[in-house]
Amino acid sequence: MIGRILRIFFLFALIALIVRRLFSRKQKRALREIVRISAWVLLGAAAATLVWYGVMLYFKHIPQGY
């Protein structure tokens, strides 16, 4: 588990190093904006999923497989 987390962290660090070296300042700014919007979208999707499962749990519609 820790090895997998470290591998993911290393992959992100490698991508950040490549972006830092190869992209211009304007491209980095655009990429930062894309990452920020993507993060907000993923946060919204996670919150919506949590609310959905809360509603399903309240009405006891979650299948027994969970």
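Phe23 and Leu11 fall within the same hydrophobic cluster, defined by Ile, Leu, Val, Met, Phe, Trp and Tyr side-chain heavy atoms under 4.5 Å apart, directly or through other members. The same ILVMFWY cluster, assembled from side-chain heavy atoms under 4.5 Å apart, contains both Leu31 and Ile15. Under a hydrophobic-cluster definition in which Ile, Leu, Val, Met, Phe, Trp and Tyr are linked whenever side-chain heavy atoms come within less than 4.5 Å, directly or via other members, Leu17 and Phe10 are assigned to different clusters.
In this structure, Val41 belongs to a hydrophobic cluster whose other members, linked by side-chain heavy atoms under 4.5 Å apart, are Ile37. Alongside Leu43, the hydrophobic cluster contains Trp40 (criterion: ILVMFWY side chains under 4.5 Å).
Counting heavy atoms from C-beta outward, Ile8 and Phe12 have side chains that approach closer than 4.5 Å.
Residues passing the side chain to side chain donor-acceptor pair (under 3.5 Å) test with Arg20: none are found, sequence neighbours excluded.
In terms of heavy atoms, Leu22 sits closest to Gln27 at O-OE1, 4.5 Å.
Among the candidates Leu57, Val55, Thr49, the single residue satisfying the side-chain contact (heavy atoms from CB on, under 4.5 Å) test with Tyr53 is Thr49.
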